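A short worksheet on the structure shown next.
Here the structure is a predicted model, which is why all the values come from computation and not from measurement.
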2 protein chains.
Amino acid sequence: MSSDASPAPAKTPVTLREVAASAGVSVATASKALNGQGRMTAETRARIRETAQRLGFRPNSLAQSLLRRRSFTVGLLTNDTYGRFSLPLMSGVSDALVDAGVSVFLCNVEDDTRLAQLHVEAMLDKRVDGIIATGKRIDRHLPVDLANLRIPVIYAFTQPDPGAIAFVSDDAGGARLAVEHFCRLGKKRIAHVSGPSGFAVVHARAQAYRDVLIERGLPVIEPLLGAWSEAWGHEAVGKLFGAKAGREGAPDAVFCGNDQIARGVIDALRERGIGVPDDVGVIGFDNWEIVAEATRPPLSSVDMNLAALGREAGLALLSLVGGKPAEPGIRKLPCRLVVRQSCGRPPGG
Amino acid sequence: MSSDASPAPAKTPVTLREVAASAGVSVATASKALNGQGRMTAETRARIRETAQRLGFRPNSLAQSLLRRRSFTVGLLTNDTYGRFSLPLMSGVSDALVDAGVSVFLCNVEDDTRLAQLHVEAMLDKRVDGIIATGKRIDRHLPVDLANLRIPVIYAFTQPDPGAIAFVSDDAGGARLAVEHFCRLGKKRIAHVSGPSGFAVVHARAQAYRDVLIERGLPVIEPLLGAWSEAWGHEAVGKLFGAKAGREGAPDAVFCGNDQIARGVIDALRERGIGVPDDVGVIGFDNWEIVAEATRPPLSSVDMNLAALGREAGLALLSLVGGKPAEPGIRKLPCRLVVRQSCGRPPGG
DNA sequence: TCCCTCTGAGAAAACCTTTTCCCAAATCGC
DNA sequence: GCGATTTGGGAAAAGGTTTTCTCAGAGGGA
């Protein structure tokens with residue numbers, strides 16, 4: 001009974017002091033034994049370690065943080081309510097940090113300045129080692145100023161402050177991927193339907209679209225800019241394919257600014273009796289799997305690799321926290337084309 | 001120059017000791033002044049407060065936590081990668097806690113037991129005050145055992161351990177809302193298409209569906225159970241509306257188990273030339289706005305009030321952390337019907 | 001004037017860990 | 001056998017705050 005070895009669910013966590021007492025040494029020695037510091041006989045070290053193990057000792061992270069002036073904690077600020085973009089990103093961040101023992105505070109601040117301020121202050125009070133700012137769209141600022149915070153800040157998939165470090169997807173590169181894929185499939189008249197002209201990414205992708213077509217000597221159809229919605233995709237098909245029954249001059253491929261637009265395009269094409277992918281190929285953007293896979297046919301789409309982006313942002317923050325300086329600026333990470341069925345098969349394939 | 005009042009971005013945070021020194025009192029007095037404790041002249045208290053303000057003093061939360069044995073931090077565990085369910089829930093949790101100064105660690109553990117274990121231990125080491133467990137579907141367990149944790153655990157929208165406290169949506173009530181709405185609209189033949197029969201919620205909703213119809217003396221069409229997908233909704237229409245051209249005996253309303261199924265149903269009805277909502281009304285479940293609003297016509301849907309559910313869970317955890325005992329058990333929170341256009345208008349309305 | 005009570009404020013312990021310094025004993029060289 | 005070095009381990013400070021206890025002085029009553 002006295003040698004009960006089962007790790008009883010202690011009501012209060014066991015401290016280093018108790019381990020030391022139980023092993024018959026001082027707390028200093030116990031600390032050194034567990035951290036591989038100091039000098040002592042192998043026997044002493046082993047005994048202390050065994051005691052700690054038996055008692056289920058886990059160092060109090062709060063005390064460590066207080067001493068080291070590092071909380072092993074970072075804040076992730078987002079305004080993406082449904083988390084469609086920020087959760088994959090967050091997974092990447094978390095993934096990069098968990099091995100370093102760093103946990104992530106997630107704060108969804110919507111677009112509420114007061115709320116954002118409140119959360120930032122709470123995080124500062126808790127002595128987070130750094131902050132990652134992210135959002136639902138690359139072009140929009142978060143409703144709070146993170147510029148002079150005395151802790152490192154990394155921007156990921158959101159509009160950075162000048163002089164800051166930011167990770168974003170290479171939208172132009174992603175667009176090239178899509179359009180070049182259409183070219184390889186032998187498409188000759190490739191159209192582009194995208195979101196509102198107020199977004200910088202819309203223009204970046206549109207320009208890349210034009211560049212590829214010009215390089216290949218294919219006709220450029222002026223991109224149709226509208227909204228990020230299915231309804232707009234639907235409407236755009238009306239403009240592209242017109243009232244004329246003949247398919248002379250009509251596109252044989254449509255590259256869309258996001259998956260919802262693509263979905264609207266596909267639905268509208270079906271309503272007109274135009275087959276996807278046989279008559280017209282379609283590629284979306286975002287690779288929002290739950291939508292892309294449910295589309296009929298399953299939608300090919302450009303994936304922004306948000307998890308990888310999050311991982312990079314996490315590692316960069318870690319390095320900054322570790323004291324390594326880093327160049328300010330915007331780092332673009334490559335996209336990746338996920339081919340499903342909506343874009344068509346290679347000719348003769 | 002010496003009276004520079006601008007709150008300079010100090011490189012290192014100002015401590016209570018500095019405030020005390022600057023105000024010419026001891027740290028004990030300073031602490032008491034700022035916390036409204038102890039006895040001192042109003043003048044002294046005001047002077048200390050003013051000094052703290054001027055210096056931009058913010059108490060180090062780590063030191064406070066160490067002393068109070070409370071970190072003002074909770075962990076939120078989820079396995080919902082895209083966060084469709086957990087982010088609205090998380091917003092509610094966060095909302096309930098932010099005013100109490102409590103921050104939330106979000107850990108997405110996918111379905112990886114090792115990862116889950118790792119995160120839970122990290123949170124325990126950081127002395128979180130409690131944990132909220134949530135998931136993407138109410139029926140599934142998280143891949144980690146939270147039963148004997150010596151800190152309070154609340155389950156929200158996920159399968160709880162026996163003897164635990166859980167908050168879930170009232171699925172039967174939500175189903176009643178939908179079916180009764182159809183009844184009020186004068187629908188006579190109401191069908192139900194839902195997800196896999198492996199889910200308890202599927203049966204709860206199906207039973208509520210039957211109950212309402214029986215109460216009203218309307219015919220019960222045996223619910224069609226399949227998958228949570230558009231494809232299944234599409235397929236189910238084939239079964240419900242058969243090959244027979246006549247609409248004798250065919251449903252005039254379909255209540256769907258989620259919005260994706262509903263979407264599939266609507267698409268399939270359109271393909272058959274059946275009008276929504278004029279010929280057949282459709283109601284979905286989840287009220288996933290980004291889908292429901294993009295559907296043509298916009299989809300009426302049962303909303304599970306996830307943010308409210310998160311808020312309740314947060315408050316319950318707070319109360320538990322505060323030492324107030326609570327009955328174990330499952331609390332069901334009411335759903336709410338969001339009426340858009342897919343269900344139809346009242347007769348003569 | 002003396003004793004008692006109140007008032008305002010400070011000293012110190014506590015929370016838990018890490019790290020620097022220090023000391024006694026043991027070992028080594030000669 | 002004696003001084004110098006190494007070895008094993010402990011005492012104490014530090015990190016920033018809160019809280020309890022203590023204490024000097026002021027004011028009141030007799």
Query raised in the report: Looking at A:Arg150, A:Arg68, A:Arg70, which one forms a salt bridge (charged side-chain N to carboxylate O under 4.0 Å, His left out) with A:Asp129?
Result: A:Arg70
Query raised in the report: Which residues satisfy the side-chain hydrogen bond (donor to acceptor under 3.5 Å, both in side chains) test with A:Thr158, sequence neighbours excluded?
Result: none
Query raised in the report: Among pairs that include at least one residue of residues 23-44 of chain B, which meet salt bridge (charged side-chain N to carboxylate O under 4.0 Å, His left out), considering only residues two or more places apart or in two chains?
Result: B:Glu43-B:Arg47
Query raised in the report: Which pairs with one or both residues in residues 18-63 of chain A pass ring pair (Phe, Tyr, Trp, His ring centres under 6.0 Å), sequence neighbours excluded?
Result: none
Report summary line: First and last nt of DNA chain C near chain B, cut-off under 4.0 Å to heavy atoms, 5' to 3', are C:dT7 to C:dC16
Query raised in the report: Under a 4.5 Å cut-off applied to non-hydrogen side-chain atoms, are B:Val104 and B:Met90 in contact?
Result: yes
Restricting to nitrogen or oxygen on both sides, can you table the protein-nucleotides 7-10 of chain D pairs closer than 3.5 Å?
| residue | atom | partner | partner atom | Å |
| --- | --- | --- | --- | --- |
| D:dG9 | OP1 | A:Thr44 | OG1 | 3.0 |
| D:dG9 | OP2 | A:Thr41 | N | 3.2 |
| D:dG9 | OP2 | A:Thr44 | OG1 | 3.2 |
| D:dG10 | OP2 | A:Ser26 | N | 3.1 |
| D:dG10 | OP2 | A:Ser26 | OG | 3.1 |
| D:dG10 | OP2 | A:Thr29 | OG1 | 2.4 |
| D:dG10 | O6 | A:Lys32 | NZ | 2.7 |

Could you go through residues 312-328 of chain A and list every donor-acceptor pair under 3.5 Å that involves a side-chain atom there, pairing it with any protein atom two or more places apart or in another chain?
none

Query raised in the report: When we call it a touch if two heavy atoms are under 4.0 Å apart, what does A:Thr15 touch: a base, just sugar-phosphate, or nothing?
Result: sugar-phosphate
Report task. With a 4.0 Å heavy-atom cut-off, tell me which residues in residues 58-67 of chain A come close to DNA chain D, sorted by residue number. Result -> A:Ala63, A:Leu66, A:Leu67
Report task. For B:Phe157 and B:Val168, run side-chain contact (heavy atoms from CB on, under 4.5 Å): C-alpha distance rounded to whole Å, both residues' side-chain angles, the deciding distance at 0.1 Å, then the answer. Result -> CA-CA 5 Å; B:Phe157 202 66; B:Val168 302; 5.6 Å; no
Query raised in the report: Rounded to whole angstroms, how far apart are CD1 on B:Ile48 and P on D:dT17?
Result: 14 Å
Query raised in the report: Tell me, which pairs form a ring pair (Phe, Tyr, Trp, His ring centres under 6.0 Å) where one or both residues lie in residues 90-115 of chain A, sequence neighbours left out?
Result: A:Phe105-B:Phe105
Query - Among B:Leu333, B:Thr134, B:Val93, side-chain contact (heavy atoms from CB on, under 4.5 Å) partner for B:Leu309 - result: B:Leu333
**Report entry** Check: B:Thr29/B:Ser26 side-chain N/O donor and acceptor closer than 3.5 Å
**Finding:** yes
Report summary line: Bend of the helix from C:dT1-D:dA30 to C:dC30-D:dG1 from end-axis comparison, five pairs per end, nearest 10°, comes to 60°
Requested in this report: List in chain and number order the residues that pass side-chain hydrogen bond (donor to acceptor under 3.5 Å, both in side chains) with A:Thr51, two or more places apart in sequence or in another chain; answer none if no residue qualifies.
Outcome: none
Report summary line: Hits for side-chain hydrogen bond (donor to acceptor under 3.5 Å, both in side chains) against A:Thr73, two or more places apart or cross-chain, chain-then-number order -> none
**Report entry** Listed once per pair and sorted, the ring pair (Phe, Tyr, Trp, His ring centres under 6.0 Å) pairs that draw on residues 16-40 of chain B, sequence neighbours left out
**Finding:** none
Report task. Would you kindly give the CZ-to-P distance between B:Phe72 and D:dT17, to the nearest whole Å? Result -> 15 Å
